[in-house]
Amino acid sequence: SSDVCSSDLETDHYAKITVTDPFSNPFEKITGAYGKIYEFAKERHIIARSYKDRICMEEVFIKDGVTYMDVYVPVDNG
């Protein structure tokens, strides 16, 4: 996994992390990615005050034969 970063998409402000080979151990890698995002958001005081009408997203892609997953969680723009 790479480090967590914040990112603006058209619809909201998100914290994002990229997971390498997420399906090799999905309950650890994908769940762990969400945990890292929440730690990142808490440390920076940008944890969302509300998730009403906001969504978490997962995007799977393959690059150079390797599967990756970007995990997005809405955060408040600190």
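At a threshold of 4.5 Å between side-chain heavy atoms, the hydrophobic network of Ile, Leu, Val, Met, Phe, Trp and Tyr places Phe40 and Tyr51 in one connected group. In terms of hydrophobic clustering, with Ile, Leu, Val, Met, Phe, Trp and Tyr side chains grouped at heavy-atom distances under 4.5 Å, Val19 and Val66 are assigned to different clusters. Linking ILVMFWY side-chain heavy atoms closer than 4.5 Å, directly or via other members, places Tyr68 and Val71 in two distinct hydrophobic clusters.
The heavy-atom pair separating Val75 from Arg54 by the smallest distance is O-NH2, 2.8 Å. Among all heavy-atom pairs drawn from Pro26 and Phe23, the shortest one is CD-O, 3.4 Å. Of all non-hydrogen atoms in Tyr34 and Glu58, the two that sit nearest each other are OH-OE2, 2.8 Å. Across every non-hydrogen atom of Thr67 and Pro22, the tightest pair is O-CD, 3.5 Å. Residues Lys36 and Ile17 share a closest heavy-atom pair of CD-CD1, 3.8 Å. Between Ile55 and Pro74, the shortest heavy-atom distance links the atoms O-CD, 3.3 Å.
Here the side chain of Lys42 pairs no donor or acceptor atom with the backbone of Ile47 at under 3.5 angstrom.
Residues Thr18 and Asp70 bring a donor and an acceptor atom of their side chains to less than 3.5 Å of each other.
Aromatic ring orientation, Tyr14 versus Tyr72: perpendicular (interplanar angle above 60°, classes split at 30° and 60°).
Met69 contributes atom CE, which lies 3.5 Å from atom CD1 of Ile30 (distance to the nearest 0.5 angstrom).
Enclosure of atom CZ in Phe27 is not indicated, since only 12 or fewer non-hydrogen atoms of other residues, nucleotides or ligands lie within 6.0 angstrom.
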